[in-house]
Amino acid sequence: MSGRESKPSMEQLAALCKRRGFIFPGSELYGGINGFWDYGPLGTELKRNVREAWWEAMVRLRDDVVGLDSAIIMHPRVWEASGHAEGFTDPMVDCRSCRRRFRVDQLYENLGIELEPGSVADMSLKLPADARCPVCGSRELTEPRAFNLMFRTFVGPVEDDSAAAYLRPETAQGIFVQFHNVLSVSRMKIPFGIAQIGKAFRNEINPRNYTFRSREFEQMELEYFIKPGTDEQWHDYWVEERLKWYRGIGLAGDHLHRYVYGKEELAHYASACVDITYDFPFGAQELEGVAARGDYDLRRHQEYSGKSLEYFDAESGRSYIPHVVEPSAGVDRIILALLCEAYREEWVPREAHAGSRPEIRPVEPGTNPPEGLEKRTVMGFSPRVAPIKVAVFPLLKNRPQLVEKSRRIFEELRQHWTAFWDITGAIGRRYRRQDEAGTPFCITVDFQTLDDDTVTVRDRDTMQQERFTVSELPRVLEQKGLP
RNA sequence: GCGGGAGUAAUUCAGUGGCAGAAUGUCAGCUUCCCAAGCUGAACGUCGCGGGUUCGAGUCCCGUCUCCCGCUCCA
């Protein structure tokens with residue numbers, strides 16, 4: 001894990017997120033509910049921007065990717081085909097050494113011990129003595145546990161096993177199941193991809209680290225279908241594409257890493273997997289997994305559905321089941337990374353004057369601010385993802401001319417960007433409020449505005465002001481980086 | 001899942017069995033020609049929730065939920 005100079009504590013970050021309206025604890029009115037979180041006004045905008053940045057990069061600006069929005073609840077057989085239902089009813093054992101998972105009754109079988117019929121699904125079944133991992137031979141096995149990580153529900157009013165269904169634990173299966181329909185309507189040729197953003201649900205044993213591991217979360221997944229044999233080249237391509245994208249939304253390059261799975265860590269059907277990790281305050285953790293999954297998923301669905309999912313390649317005149325490379329990102333984890341990246345505390349001058357460049361110093365933890373300086377908290381979001389792009393103020397609220405003029409400018413700018421208008425309290429307070437919201441620019445209407453139609457544009461990071469005429473504001477703000 | 005710590009206003013926290021508090025923030029007004037200024041006023045709490053002990057519980061006991069830390073786990 002590479003260093004970051006000053007890590008915010010997760011408590012500080014959570015306090016700011018709640019105070020400013022990024023993230024609230026779920027169902028807080030009733031004492032909260034473990035593993036569920038709500039996004040407030042600012043968090044919602046932030047999340048929208050992240051989704052849109054992904055959709056733009058992955059779908060809108062590409063010729064070879066189309067979108068899909070599939071249902072959260074799917075036919076239960078989908079999860080048998082995908083392998084997710086395995087372990088839902090049977091106790092499972094994990095090998096700590098090679099990360100593979102087995103039904104506990106198989107371990108008995110391997111040792112030549114016969115189990116009574118019906119005891120296969122017995123949740124009290126213990127690990128047999130002398131149990132070894134059937135693959136790597138290790139004794140490092142976990143105790144048997146039920147792996148019902150899918151949320152179960154019922155379709156229709158009767159709560160009968162035959163009506164059981166599951167909230168999807170990943171969005172990817174919707175893509176595989178609709179592969180053939182999308183292919184036939186989109187006139188896509190391999191290589192091409194199908195992208196989807198949506199909620200997924202996992203009944204995690206132990207949600208931790210703020211929103212990092214939640215029971216309800218949002219995924220952005222691409223399934224990129226390729227010609228067999230080109231897996232490695234496309235896998236490399238997508239890892240690099242995705243890293244570029246993370247840098248583009250403002251995550252520093254030296255906080256991002258690749259975790260390359262060793263052969264023994266890979267799922268049996270995967271030929272490669274790279275996690276893109278971010279240096280969170282609680283350690284380097286996965287934002288996205290990019291996996292080369294071969295033809296496993298489509299082949300399984302072909303097998304379980306009995307319908308052909310082959311692709312006819314006109315160039316070679318051959319049919320085959322496409323292989324797939326899957327970049328699968330967690331929206332909420334990206335949000336958390338952006339919040340961690342953006343959070344900073346600084347010592348800034350008590351007084352500032354238009355034109356001069358204020359001296360800004362990083363906070364030395366555990367010390368008081370030097371004479372004449374005070375602490376400010378800033379969320380340094382990239383303009384691309386900042387929830388509010390620009391705020392507009394009158395210098396004083398008891399001068400109707402200033403208030404009206406600022407309102408007109410606000411009405412104009414909100415046509416282009418998410419804007420905010422604030423007339424309450426002192427001007428400095430309004431600046432600081434926007435600093436905590438991460439707003440890149442604040443525009444102030446003062447008395448000079450009434451003479452020459454110029455306003456000040458205050459930069460969040462430098463706290464410096466420049467004057468521009470009102471008419472050139474959209475162009476200037478765009479030049480300064482507003483998307 | 002195990003062990004430890006914590007939960008009082010929006011936030012940070014004080015409150016030694018006897019009236020529910022402070023600072024900051026928020027809102028309104030006044031003031032103010034640019035960085036959380038000042039003045040006045042206001043709102044804000046079933047002290048996480050539920051039981052128990054007690055004349056009386058934020059405080060003691062039991063249970064439970066939530067959060068944090070460490071282990072464990074993590075498609």
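The structure presented is a predicted model; accordingly, all values stated were derived computationally and were not measured. Chain letters run A, B, ... following the sequence lines, proteins first and then strands; every chain starts at 1.
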Under 4.0 Å: is that the gap between some side-chain N or O of A:Asn34 and OP1 or OP2 of B:rC65? no

Report all interatomic pairs (protein N or O, nucleotide N or O of nucleotides 39-46 of chain B) with separations under 3.5 Å.
none

Tell me whether the side-chain N or O atoms of A:Glu436 pair up with the base of B:rA36 as donor and acceptor below 3.5 Å, since no angle test is needed here. yes

With a 3.5 Å cut-off and heavy atoms only, can you find an N or O donor on one side and an acceptor on the other between the side chain of A:Gln465 and the base of B:rC34? yes

Every protein N/O lying under 3.5 Å from an N/O of nucleotides 25-27 of chain B:
from: B:rU26; atom 1: OP1; to: A:Arg433; atom 2: NH1; distance (Å): 2.7
from: B:rU26; atom 1: OP2; to: A:Arg429; atom 2: NH1; distance (Å): 2.6

Selected nucleotide, minimal atom distance to A:Pro169 side chain, candidates B:rA75, B:rG1, B:rA36: B:rA75

Given B:rU11, B:rA36, B:rU32, identify the nucleotide with an atom nearest to the side chain of A:Asn398. B:rU32

Phosphate OP1/OP2 of B:rG29 contacted by A:Lys397 side-chain N/O (<4.0 Å): yes

For the side chain of A:Asp446 and the base of B:rC33, is some donor closer than 3.5 Å to an acceptor across the two? no

With a 4.0 Å limit, can you tell me whether A:Lys18 has a side-chain N or O closer than that to the phosphate oxygens OP1/OP2 of B:rU11? yes

Does any N or O donor sit under 3.5 Å from an N or O acceptor when you compare the side chain of A:Tyr30 with the base of B:rC65? no

Of the listed nucleotides B:rU72, B:rC34, B:rA36, the one nearest the side chain of A:Thr444: B:rC34

Less than 6.0 angstrom from the centroid, inside 45 degrees of the normal: does A:Arg242 satisfy that with respect to the ring of A:Trp245? yes

So, A:Glu28 and A:Lys18, do they make that salt bridge, N to O below 4.0 Å? yes

Under 4.0 Å, counting only non-hydrogen atoms across every strand here, what does A:Tyr269 touch: a base, just sugar-phosphate, or nothing? nothing

